[in-house]
Q: 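Got a structure for you, questions after.
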There are 2 protein chains.
Amino acid sequence: MADPARRPDNRYGSRPTMKDVATRAGVGLKTVSRVVNGEPGVTPDTERRVQAAIDALGFRRNDSARVLRKGRTASIGLVLEDLADPFYGPLSRAVEEVARAHGALLINGSSAEDPDREQELALALCARRVDGLVIIPAGDDHRYLEPEIKAGVATVFVDRPAGKIDADAVVSDSFGGARDGVAHLIAHGHRRIGFIGDRPNIHTAAERLRGYRAAMADAGIPVQDAWMSLGATDPERVRRAAAEMLSGPEPVTAFFAGNNRVTVTVVRVLSERPRPVALVGFDDFELADLLQPGVTVVAQDAAQLGRTAAQRLFQQLDGVLAAPERTVLPTRLITRGSGELPPAD
Amino acid sequence: MADPARRPDNRYGSRPTMKDVATRAGVGLKTVSRVVNGEPGVTPDTERRVQAAIDALGFRRNDSARVLRKGRTASIGLVLEDLADPFYGPLSRAVEEVARAHGALLINGSSAEDPDREQELALALCARRVDGLVIIPAGDDHRYLEPEIKAGVATVFVDRPAGKIDADAVVSDSFGGARDGVAHLIAHGHRRIGFIGDRPNIHTAAERLRGYRAAMADAGIPVQDAWMSLGATDPERVRRAAAEMLSGPEPVTAFFAGNNRVTVTVVRVLSERPRPVALVGFDDFELADLLQPGVTVVAQDAAQLGRTAAQRLFQQLDGVLAAPERTVLPTRLITRGSGELPPAD
DNA sequence: CTGAAAGCGCTTACAG
DNA sequence: CTGAAAGCGCTTACAG
């Protein structure tokens with residue numbers, strides 16, 4: 001009953017500590033610390049005695065306590081929009097692999113595209129004293145992070161740049177990718193091209209719209225307001241937008257879809273219609289090549305985004321970076337059929 | 001992590017602590033603690049003074065220190081196979097939502113299907129003193145967790161049960177789902193049905209094979225060894241297995257695919273062949289309905305698996321659970337065309 | 001209403 | 001080679 005290490009009913013507080021190990025092994029606390037951390041300067045015999053006590057007690061070092069003393073937590077935070085979105089899976093995995101290579105764990109959470117929730121999460125991670133933060137921003141004002149960054153929290157934004165603060169960012173070339181995709185449709189004879197994208201306050205959505213406008217302007221095609229729809233990417237809204245653009249005397253003959261959620265819904269809409277309509281989507285997705293026709297996309301490399309961002313984060317922590325910088329990764333047009341359909345009329 | 005010795009001038013030494021706030025506000029440490037935690041018993045005037053000091057200093061409570069003192073860390077760990085696999089996205093998100101509702105953060109990592117890496121990750125999470133662990137096991141021996149569980153770490157296994165220890169598990173009805181899916185093919189006239197699944201040491205793979213055998217036995221169809229292939233789910237292996245079953249004088253006329261990775265590859269193989277072959281896959285996937293034919297699947301609810309597991313985890317932490325238990329969630333057959341094709345010969 | 005002291009489980013800095 | 005003391009930033013238990 002004296003031994004605190006074997007009280008099965010007291011769930012917490014029942015774990016043996018270094019002090020318990022030291023007592024059992026008949027050595028000092030510091031000697032246990034040396035053995036646990038593989039530090040030199042312990043005789044083989046002492047080490048054996050300590051190890052025996054560790055095994056007997058089932059001791060496992062409390063990294064929470066260690067972290068408090070050492071300063072760095074060897075963990076980084078990842079705030080993204082939605083863990084369930086297939087675009088973020090490879091991105092998260094890439095961040096995790098880089099973290100792992102640096103011996104750090106990954107704490108992550110979804111903002112659900114809610115700026116308040118993004119802030120709440122990011123600050124909770126700062127309170128846990130993560131060493132760094134990789135953020136896919138939902139909001140457009142990140143001044144709330146200034147004190148944290150000043151206090152030493154490494155920070156990199158991915159997919160979208162930070163708002164109102166100067167910070168590292170790694171993004172895809174949304175403008176160029178969209179311009180190329182729309183130019184591709186124009187090259188195949190389309191003039192009435194619809195653009196359906198995410199909400200306009202999202203940086204990538206605005207950039208892709210800008211790319212659309214640029215391609216149309218380059219071709220000398222005046223753009224009609226009815227051809228552009230920005231808003232939430234839920235299927236209902238996208239369906240409505242697509243249906244509107246396809247109705248009337250002068251329907252669009254092609255769509256450019258602003259992200260993978262939109263593309264998938266547009267594919268569904270088009271599959272229900274007899275007349276073929278061309279489509280190019282931003283973001284690649286699984287099975288895009290097996291649909292009929294295959295879906296032509298402007299692909300971005302989600303894993304590369306995550307990897308690059310995480311690498312910059314650890315460079316910041318190593319103190320080898322100068323000023324914040326924006327890294328822009330190229331996109332790639334993949335033709336599969338849907339973007340090469342001629343105009344229906 | 002980077003060598004702590006060469007970190008640039010105490011990044012974290014620069015953060016203000018409660019003591020700094022107390023000094024600046026001219027109050028005691030405990031009074032600051034009261035204000036920070038919203039505890040009662042502080043006069044409005046004192047509270048104002050403390051709050052002013054907090055704002056001026058940019059103080060943020062160090063939850064690492066708090067956790068050390070309080071016992072619970074308000075964080076849970078999730079060990080899964082691969083964050084990038086679309087099956088785990090909704091599962092992770094569901095776990096996260098339950099954790100969030102309980103005020104806990106989620107630390108997660110991928111085992112990459114490697115038992116050693118699973119153990120390394122799980123134990124690293126225990127060293128961080130997560131309150132609980134949700135594990136999608138890669139290995140089949142979890143005795144390494146016994147001391148942790150005894151010490152009070154709540155543990156729930158998902159998708160696959162634990163090996164060699166008695167622990168809570170939440171799984172889909174792999175046996176029943178596979179049996180139903182194969183019976184569906186038999187009902188549509190098939191007798192030569194191929195089964196391609198994951199490696200046989202994975203519990204779900206073995207259970208689904210058992211379901212296949214049961215359906216065949218129920219129909220009085222003798223099963224040939226050449227009709228069953230278990231192994232890695234990389235495209236090359238699955239392609240080879242499918243091609244073999246489709247060759248020879250008596251090719252299979254239908255496939256049952258053991259999981260979504262296999263299904264996708266089989267769809268690709270079949271799309272390259274002229275003769276229609278029936279297919280039912282375990283696991284639903286996006287766009288399955290838009291392929292031609294639509295892919296008939298035995299669907300499991302990944303989000304529900306995650307939600308149920310996380311709920312049980314917090315029930316364990318609340319001490320309201322008795323003995324470990326296995327929860328089996330039902331599957332659902334969704335017919336879309338590929339499973340209703342008649343035999344080709 | 002307020003605060004000084006002890007302690008959570010480790011590491012650091014130092015002395016023997 | 002070994003260990004006692006101090007301290008990381010909080011909360012707990014207690015006293016005024």
Side-chain angles (χ1 to χ4, degrees), chain A residues 4-5 10-50 53-54 57-74 126-129 151-152, chain B residues 1 3-5 7 10-50 54 57-74 126-129 151-152:
Chain A
N10 188 354
R11 293 178 78 93
Y12 301 95
S14 71
R15 298 207 71 136
T17 70
M18 280 194 181
K19 204 174 149 195
D20 298 325
V21 174
T23 304
R24 174 157 186 139
V27 300
L29 187 57
K30 178 59 196 169
T31 300
V32 176
S33 175
R34 287 199 179 90
V35 171
V36 168
N37 296 303
E39 287 167 21
V42 181
T43 59
D45 183 58
T46 306
E47 178 166 357
R48 250 191 307 278
R49 279 216 323 283
V50 171
I54 288 173
L57 259 28
F59 169 79
R60 179 170 313 285
R61 184 182 66 196
N62 183 336
D63 281 352
S64 269
R66 173 168 223 249
V67 142
L68 176 61
R69 189 61 234 242
K70 289 195 86 96
R72 284 212 185 173
T73 57
C126 290
R128 296 296 176 101
R129 296 295 189 266
Chain B
M1 285 286 19
D3 181 356
R7 81 185 162 202
N10 286 0
R11 296 177 77 97
Y12 286 117
S14 68
R15 296 208 74 134
T17 69
M18 281 193 180
K19 203 175 150 195
D20 299 325
V21 174
T23 304
R24 176 162 186 133
V27 300
L29 188 58
K30 177 62 196 166
T31 299
V32 177
S33 175
R34 287 200 179 89
V35 172
V36 168
N37 296 304
E39 287 167 22
V42 181
T43 59
D45 183 58
T46 307
E47 178 165 356
R48 249 191 307 278
R49 278 214 325 283
V50 171
I54 287 173
L57 260 27
F59 170 79
R60 180 170 314 284
R61 184 181 66 196
N62 183 336
D63 281 352
S64 268
R66 172 168 225 250
V67 141
L68 177 61
R69 189 61 235 240
K70 290 197 84 97
R72 284 209 186 177
T73 58
C126 290
R128 296 295 177 100
R129 295 293 188 267

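Just so we're on the same page: letters track the sequence lines, and every chain starts at 1. Predicted model only: the values in this text are computed from it and were never measured.
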Q: Is there any salt bridge (charged side-chain N to carboxylate O under 4.0 Å, His left out) pair reaching into residues 18-34 of chain B, and which pairs are they, with sequence neighbours excluded?
A: B:Lys30-B:Glu39

Q: In this structure, how many angstroms lie between the C1' atom of D:dC8 and the CE atom of B:Met18, rounded?
A: 14 Å

Q: Could you check how far CZ of B:Arg60 sits from P of D:dG9, rounded to whole Å?
A: 16 Å

Q: Remember a base hit wins even if backbone is also touched, and classify A:Asn37 as base, sugar-phosphate or nothing at under 4.0 Å, heavy atoms.
A: sugar-phosphate

Q: I want to check one thing: is the phosphate of C:dG3, taken as OP1 and OP2, less than 4.0 Å away from some side-chain N or O of B:Thr31?
A: yes

Q: Looking at B:Arg69 and B:Arg66, would you say the former's side chain and the latter's main chain have a donor-acceptor pair under 3.5 Å?
A: no

Q: Please give, in whole Å, the distance from C:dG9 C1' to A:Phe59 CZ?
A: 8 Å

Q: Any N/O pairs under 3.5 Å between the protein and nucleotides 12-15 of chain C? List them or say none.
A:
residue: C:dT12; atom: OP1; partner: A:Lys70; partner atom: NZ; Å: 3.3

Q: Let me know the distance between CG of A:Leu68 and C1' of D:dG9, rounded to the nearest Å.
A: 6 Å

Q: Residues from residues 40-50 of chain A sitting under 4.0 Å of DNA chain D, heavy atoms only?
A: A:Gly41, A:Val42, A:Thr43, A:Thr46

Q: Round to a whole Å and report the spacing from CZ of B:Arg66 to C1' of C:dC8.
A: 14 Å

Q: What closest approach, in Å, do A:Arg61 and B:Arg129 show between heavy atoms, and which atom pair accounts for it?
A: O-NH1, 3.7 Å

Q: Does B:Met18 form a side chain to side chain contact (heavy atoms under 4.5 Å, CB included) with B:Val36? I'd like the steps, not just the answer.
A: CA-CA 9 Å; B:Met18 281 193 180; B:Val36 168; 4.1 Å; yes

Q: Touch check for A:Val67, heavy atoms < 4.0 angstrom, all strands: base, sugar-phosphate only, or nothing?
A: nothing

Q: Calculate the interatomic distance between B:Lys19 atom NZ and D:dT11 atom P; express it in whole Å.
A: 16 Å

Q: Can you tell me which stems involve DNA chain D, if a stem is defined as three or more consecutive Watson-Crick or G-U wobble pairs, both distances under 3.5 Å?
A: C:1-3 with D:14-16, C:5-12 with D:5-12, C:14-16 with D:1-3

Q: Just to verify, what does A:Arg48 make a side-chain contact (heavy atoms from CB on, under 4.5 Å) with, not counting sequence neighbours?
A: A:Pro44, A:Asp45

Q: Between A:Thr73 and A:Arg128, what is the shortest heavy-atom contact and its length?
A: CG2-O, 3.9 Å

Q: Would a 4.5 Å heavy-atom cut-off, applied to side chains only, mark B:Leu68 and A:Val67 as touching?
A: no

Q: side-chain contact (heavy atoms from CB on, under 4.5 Å) with B:Val50: which residues, sequence neighbours excluded?
A: B:Val21, B:Ala25, B:Val27, B:Thr31, B:Val32, B:Val35, B:Thr46, B:Ile54

Q: Taking all atoms of both residues into account, what is the closest heavy-atom pair of A:Phe59 and A:Thr17, and its distance?
A: CE1-C, 3.6 Å

Q: To the nearest Å, how far apart are A:Asp63 CG and C:dC8 P?
A: 18 Å

Q: Quick one: CG on A:Asp63 to NZ on A:Lys70, what's the gap to the nearest 0.5 Å?
A: 10.5 Å

Q: For a quick test of reading the model: is some side-chain N or O of B:Asn62 closer than 4.0 Å to OP1 or OP2 of D:dC8?
A: no

Q: When you get a sec, tell me which of C:dC10, D:dC10, D:dT2 is the closest nucleotide to the side chain of A:Leu29?
A: C:dC10

